[in-house]
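Data first, discussion second: the structure below is written as structure tokens.
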Amino acid sequence: MPKKDPARWAWIKYQLELRGYTLGSLARELGVDRSIPAKVLHGRYPKMQAAIAQRLGTTPEALWPERYQPRQTRPKHSRKKAVNQ
């Protein structure tokens, strides 16, 4: 599977078509507007990502690993209380 978004998206659409699906048919099946699949290209849409991954026999994390990387935790800043002398 390609790692860059445009090629990956083309690969996903091609793989869906090999299995008898289109993005439009998935949208209809899920009861969402037909413009929703295009939103997956540019950002997270968990319901559609899960449906696409399921049809391809994989997980959303495998298709879009950059979207599921663990978030970096910010170090907590310790605030020192002022001590009155």
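Owing to the predicted nature of the structure, the values given are computational and were not obtained by experimental measurement.
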Q. Shortest non-hydrogen contact from K47 to V32?
A. NZ-CG1, 4.2 Å
**Q.** Minimum heavy-atom distance between R67 and V40, given as atom pair plus value
**A.** NH2-O, 2.6 Å
Q. Is there side-chain contact between K39 and M48, with heavy atoms separated by less than 4.5 Å?
A. no
Q) Between L23 and L16, does a side-chain contact (heavy atoms from CB on, under 4.5 Å) hold up when you go through it step by step? A) CA-CA 8 Å; L23 293 171; L16 286 170; 3.8 Å; yes
Q) Are any non-hydrogen side-chain atoms of L56 and Y21 less than 4.5 angstrom apart? A) no
Q. Any side-chain heavy-atom pair from Y45 and I52 closer than 4.5 angstrom?
A. no
Q: Please name the pair of heavy atoms, one in R8 and one in L63, separated by the smallest distance, quoted to 0.1 Å.
A: NH1-O, 2.8 Å
**Q.** Qualifying residues under side-chain contact (heavy atoms from CB on, under 4.5 Å), relative to R34, sequence neighbours excluded
**A.** none
Q) Which heavy atom of A50 sits nearest a heavy atom of P60, and at what distance? A) CA-CG, 3.8 Å
Q.
Rounded to the nearest 0.5 Å, what separates atom CD in Q54 from atom CG in L26?
A. 9.5 Å
Q: With sequence neighbours left out, write down each residue that passes side chain to side chain donor-acceptor pair (under 3.5 Å) with Q15, or none if nothing qualifies.
A: R19
Q. Quick one: OG1 on T59 to CD on Q49, what's the gap to the nearest 0.5 Å?
A. 10.5 Å
